[in-house]
Amino acid sequence: MATMNISAVLYALGWAILHSFWQIGILWVLYQLVFGLPKRWPPAAKHNSSLLLLFAGFTWFLITGKTHYQEYISVKQYVDILPLAENPAASTMLIE
């Protein structure tokens, strides 16, 4: 089993929490547009819809976290294979 990099988990968790604010906001606006109209909806429909949107928001949060975790791991793997300059002064002389 592959070991999890704790900094990758924290990176993904932070971005997932940040994105969850606007994601849940979109779902809340959608709920308000549907059930805020003057129509009389049965309470069961409102309850079931709110639960569905709650689970949709949590699923969206998990997908966002997984995406950012994979992004962090792929960038870290790319950076790890880059050659390190032994002498920083020599590498700047090559650029000039």
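Hydrophobic clustering keeps Leu10 apart from Ile17 (ILVMFWY residues linked when any side-chain heavy atoms are closer than 4.5 Å, directly or through intermediates). Residues Ile24 and Leu54 do not share a hydrophobic cluster, clusters being chains of Ile/Leu/Val/Met/Phe/Trp/Tyr side chains in contact below 4.5 Å. Cluster annotation: Trp28 is not connected to Leu52 through the hydrophobic network of ILVMFWY side chains, with a link wherever side-chain heavy atoms come within less than 4.5 Å. Each of Leu53 and Leu33 belongs to its own hydrophobic cluster when Ile, Leu, Val, Met, Phe, Trp and Tyr are linked at side-chain heavy-atom distances under 4.5 angstrom.
Judged as a salt bridge (Lys or Arg N to Asp or Glu O under 4.0 Å), and not counting sequence neighbours, the contacts of Lys76 are Asp80. Residues satisfying the side chain to side chain donor-acceptor pair (under 3.5 Å) criterion with Ser7, sequence neighbours excluded, are Asn5, Tyr72.
Within the structure, ring pair (Phe, Tyr, Trp, His ring centres under 6.0 Å) pairs that include any residue of residues 35-55 comprise Tyr31-Phe35, Phe35-Trp41 (at least two apart or interchain).
Distance CD/Gln23 to CD1/Ile63: 9.0 Å, rounded to 0.5 Å.
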Legend entry - side-chain contact (heavy atoms from CB on, under 4.5 Å) between Thr64 and Trp15, worked out: CA-CA 8 Å; Thr64 303; Trp15 279 110; 5.7 Å; no
Inset, instruction - Would you please test Trp60 and Trp22 for ring pair (Phe, Tyr, Trp, His ring centres under 6.0 Å) and show each step? - result: CA-CA 11 Å; Trp60 202 356; Trp22 66 266; 5.6 Å; yes
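In plain terms, the two heavy atoms of Ser49 and Ala45 that are nearest each other are OG-O, 2.8 Å. Heavy atoms only, all atoms of each residue included: Ala56 and Leu27 are closest at C-CD1, 4.2 Å. The shortest heavy-atom contact between Gly65 and Ala12 is O-CB, 3.3 Å.
At least one donor-acceptor pair closer than 3.5 Å links the side chain of Ser74 to the backbone N or O of Glu71.
Ring geometry for Tyr11 against His68 counts as perpendicular: the plane angle is over 60°, on a 0 to 90° scale with 30° as the lower cut.
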